[in-house]
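This is a predicted model, so every value here is computed, not measured. All heavy atoms count here, side chains included; hydrogens, waters and symmetry mates do not.
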Amino acid sequence: MNKVIVLMSTFNGEKYLKEQIDSILAQQGVEIHILVRDDGSTDSTQSILKTYSDEGKLKWYSGKNLRTAKSFMDLLRQSGECEYYAFSDQDDFWLPEKLITAINILKKQDENRPALYYGQTTLVDANLNIMKQKQEYHSFTIFRNAVVSSNATGCTFCFNKKLRDMINLYIPSYQIMHDGWLHKVCLAIDGYVYFDRNSYIYYRQHENNVIGGTTTPLKRWKRRFNTVRKNPCPRSRGISEILKGYKLYMSEENRRICEEIAEYKNSPLKKMRLFFDNSISSPNKKINTIYKLAVLLGLF
């Protein structure tokens, strides 16, 4: 069986943690290893992890509160050698075929080429009852699309050792979310990205979600506004970091795209060049309109 290390970051996750860990341990057709980093929990999370660790079911360590993205990036650096890796939230529920489905797709690729699998999620409430949801079938598997937006949800990720090794080559000074970072870096260096329209995960929505899959339009816009207010131009800054870390591994076209985005605010001419560059776009028309507006206002 193929070996996979599941990387989980926890923070005050006592309520649903056992159910999630058990669903990971119940994965079929793969050799499971779980590595958990606790991000400074003050509830019984660490006690739960210790129990599973004492039973030989996982390994874990704790550290200062880095928050989600940096905590997962630290896990990648501590993960050790393996064939495949997967990200896990602390509060979801995985169907038994989740990992084997991803690995069967990834193993068809050359092991020397970075490869990433991601897929749909099924939104459920706190008790795992399926909620009404609008499925998003736009796939972002081309770099010029992914720089605009990404629907790659980290808890669905499975990726090969080559991508993990490439990610560990560079520690960005400005860290975007870990899933967006892996997704964009993989495409930037001409890796393989596969989007699965099927779902093998119950993505739990509850009152303590750090970032949930569903919320009201007002809350979504408020979150976006606060993100821009606290971290101006997060997308172009993230692309600038990719350019710094992976320029030598990128195709000429992908370097051009990164440079155009990284430099667009330096002059009105460069801003207009990016605005009218229709090769950089999202397959989602609504997102693309927002992207153009953000460029025009210097907020991208």
Asker: To the nearest 0.5 Å, what is the distance between CD1 on Ile142 and CG on Asn254?
Answerer: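 Answer rounded to 0.5 Å: 10.5 Å.
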Asker: Any chance CD1 of Ile171 has more than 12 other-residue heavy atoms, nucleotides or ligands included, within less than 6.0 Å?
Answerer: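 At most 12 heavy atoms, drawn from other residues, nucleotides or ligands, come within 6.0 Å of this atom.
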Asker: I'd like to know if the side chain of Asp89 and the backbone of Asp92 have a donor-acceptor N/O pair within less than 3.5 Å.
Answerer: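 Flag not set: sc Asp89 to bb Asp92 has no pair under 3.5 Å.
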Asker: Starting at CG of Leu182, measure out to OH of Tyr85 and round the result to the nearest 0.5 Å.
Answerer: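 Rounded to the nearest 0.5 Å, the CG-OH separation comes to 12.0 Å.
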Asker: Flag the pair Glu83 / Asn160 as yes when at least one side-chain heavy-atom distance between them is below 4.5 Å, and no otherwise.
Answerer: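 Result no, sub-4.5 Å side-chain heavy-atom pair not found.
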Asker: Distance only, no hydrogens: is a donor on one side chain within 3.5 Å (strictly under) of an acceptor on the other, for Glu241 and Tyr170?
Answerer: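 Glu241 vs Tyr170: donor-acceptor pair found between side chains.
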Asker: Passes side chain to side chain contact (heavy atoms under 4.5 Å, CB included), Thr68 versus His178? Steps please.
Answerer: CA-CA 8 Å; Thr68 305; His178 59 289; 3.6 Å; yes
Asker: Would you call Leu99 and Val6 a side-chain contact if the rule is heavy atoms closer than 4.5 Å?
Answerer: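 SC-SC contact between Leu99 and Val6 confirmed.
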Asker: Look only at the side chain of Asn65 and the backbone of Gly40, and say whether a donor-acceptor pair between them is shorter than 3.5 Å.
Answerer: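 Flag not set: sc Asn65 to bb Gly40 has no pair under 3.5 Å.
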Asker: A quick test of your reading: do over 12 heavy atoms of other residues, nucleotides or ligands sit less than 6.0 Å from NZ of Lys70?
Answerer: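 Not more than 12 within 6.0 Å, no.
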Asker: So, for Phe87 and Phe72, is the gap between ring centers shorter than 6.0 Å?
Answerer: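 Judged by ring-centre distance (under 6.0 Å), Phe87 and Phe72 do meet the cut-off.
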Asker: Under 3.5 Å, side chain of Ser139 to main-chain N/O of Thr141, donor-acceptor pair present?
Answerer: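 No, Ser139 side chain to Thr141 backbone: no donor-acceptor pair under 3.5 Å.
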Asker: Between Glu260 and Asp277, is there a donor-acceptor pair closer than 3.5 Å when you use the side chain of the first and the backbone of the second?
Answerer: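 Looks like no, no N/O pair under 3.5 Å.
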Asker: So, is the end of the Lys184 side chain (NZ or CZ) under 6.0 Å from the ring centre of Phe143 and within 45° of the ring's axis?
Answerer: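 Judged by the rule (NZ or CZ under 6.0 Å from the ring centre, within 45° of its axis), Lys184 is not positioned above Phe143.
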Asker: Any donor and acceptor pair, going by atom type alone, linking the side chain of Tyr246 with main-chain N or O of Ile167 inside 3.5 Å?
Answerer: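 Indeed, once roles are kept as given, a pair shorter than 3.5 Å links the two residues.
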Asker: Would the number of heavy atoms belonging to other residues, nucleotides or ligands and lying under 6.0 Å from NZ of Lys59 be above 12?
Answerer: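 Counting neighbours around NZ of Lys59, 12 or fewer heavy atoms of other residues, nucleotides or ligands fall under 6.0 Å, so no.
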Asker: Got more than 12 heavy atoms from elsewhere within 6.0 Å of OH, Tyr202?
Answerer: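 Incorrect, the count does not exceed 12.
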Asker: Using a strict cut-off of less than 4.0 Å between a Lys/Arg side-chain nitrogen and an Asp/Glu carboxylate oxygen, indicate whether Glu259 and Arg256 qualify as a salt bridge.
Answerer: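 Salt bridge between Glu259 and Arg256, a charged N being under 4.0 Å from a carboxylate O: no.
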Asker: Determine whether a donor-acceptor pair (N or O, by modelled atom type, separation under 3.5 Å) exists between the side chain of Ser199 and the backbone of Thr122.
Answerer: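 Present.
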Asker: More than 12 foreign heavy atoms under 6.0 Å from CD of Glu252: is that the case here?
Answerer: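 No, CD of Glu252 has 12 or fewer neighbouring heavy atoms, counting only those of other groups under 6.0 Å.
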Asker: Decide ring pair (Phe, Tyr, Trp, His ring centres under 6.0 Å) for Phe159 and Tyr84; before the verdict, give the C-alpha distance in whole Å, the side-chain angles of both, and the deciding distance to 0.1 Å.
Answerer: CA-CA 6 Å; Phe159 47 97; Tyr84 299 99; 9.5 Å; no
Asker: Can you confirm whether Tyr249 is buried at OH, in the sense that more than 12 heavy atoms of other residues, nucleotides or ligands lie under 6.0 Å from that atom?
Answerer: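 No.
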Asker: Run the numbers on Lys161 and Glu81 for salt bridge (Lys or Arg N to Asp or Glu O under 4.0 Å), then give the verdict.
Answerer: CA-CA 8 Å; Lys161 179 179 179 296; Glu81 300 294 304; 3.0 Å; yes
Asker: Evaluate the criterion side chain to side chain contact (heavy atoms under 4.5 Å, CB included) for residue pair Ile130 and Leu123; output intermediate values, then yes/no.
Answerer: CA-CA 6 Å; Ile130 296 177; Leu123 300 183; over 6 Å; no
Asker: May I ask you to test the Leu299-Pro232 pair for a side-chain heavy-atom distance under 4.5 Å?
Answerer: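 The answer is no; the side chains never approach within 4.5 Å.
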Asker: Are Phe300 and Lys292 side-chain neighbours, meaning at least one heavy-atom pair lies under 4.5 Å?
Answerer: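 A side-chain contact is absent here, since even the closest heavy-atom pair is not under 4.5 Å.
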Asker: Given Asn198 and Asp196, is the side chain to side chain donor-acceptor pair (under 3.5 Å) satisfied, shown in steps?
Answerer: CA-CA 5 Å; Asn198 298 309; Asp196 194 341; 3.2 Å; yes
Asker: Are more than 12 heavy atoms, taken from residues, nucleotides or ligands other than Arg255, located less than 6.0 Å from that residue's CZ atom?
Answerer: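 Above 12, so yes.
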Asker: Quick one: does Lys18's side chain get under 4.5 Å of Tyr52's, heavy atoms only?
Answerer: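 Result yes, sub-4.5 Å side-chain heavy-atom pair found.
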Asker: How about Asp91 and Lys15: do any of their side-chain heavy atoms sit closer than 4.5 Å?
Answerer: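 No; the side chains remain at least 4.5 Å from each other.
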Asker: State whether the side chain of Glu14 and the backbone N or O of Ser44 hold a donor-acceptor pair below 3.5 Å, judged by distance alone.
Answerer: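 Pair found, side chain donor or acceptor close to backbone of Ser44.
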Asker: Looking at Phe93, is its backbone amide N or carbonyl O close enough to the side chain of Ser23 to form a donor-acceptor pair, meaning the two atoms are under 3.5 Å apart?
Answerer: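 Looks like no, no N/O pair under 3.5 Å.
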Asker: Hey, is CD on Gln78 packed in by over 12 heavy atoms from elsewhere, all under 6.0 Å?
Answerer: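 Yes, enclosed.
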Asker: Hey, are Asp54 and Lys50 close enough for a salt bridge, meaning a charged N less than 4.0 Å from a carboxylate O?
Answerer: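 Yes, this pair counts.
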Asker: Please check if the side chain of Asp39 supplies one atom and the backbone of Arg67 the other of a donor-acceptor pair under 3.5 Å.
Answerer: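 Flag set: sc Asp39 to bb Arg67 pair under 3.5 Å.
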Asker: Within the structure provided, determine whether Cys158 and Leu106 are in side-chain contact (heavy-atom separation under 4.5 Å).
Answerer: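 Side-chain contact under 4.5 Å: yes.
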Asker: Distance-only, no hydrogens or angles: does the His183 side chain make a donor-acceptor pair with backbone N or O of Phe140 under 3.5 Å?
Answerer: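 Side chain of His183 to backbone of Phe140: a pair is present.
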Asker: Quick one: are the ring centres of Phe195 and Tyr118 less than 6.0 Å apart?
Answerer: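 Close enough - the centres of the two rings lie under 6.0 Å apart.
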Asker: Are Arg113 and Tyr192 in a cation-pi contact, defined as NZ or CZ under 6.0 Å from the six-membered ring centre and within 45° of the axis?
Answerer: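 Arg113 over Tyr192 ring: no.
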Asker: What I'd like to find out is whether the side chain of Arg204 reaches to under 4.5 Å of the side chain of Tyr16, using heavy atoms alone.
Answerer: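 They are in contact (side-chain heavy atoms under 4.5 Å apart), so the answer is yes.
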Asker: What's the verdict on side chain to side chain contact (heavy atoms under 4.5 Å, CB included) for Met250 and Cys258, showing C-alpha distance, side-chain angles and the deciding distance?
Answerer: CA-CA 10 Å; Met250 296 165 63; Cys258 286; 3.3 Å; yes
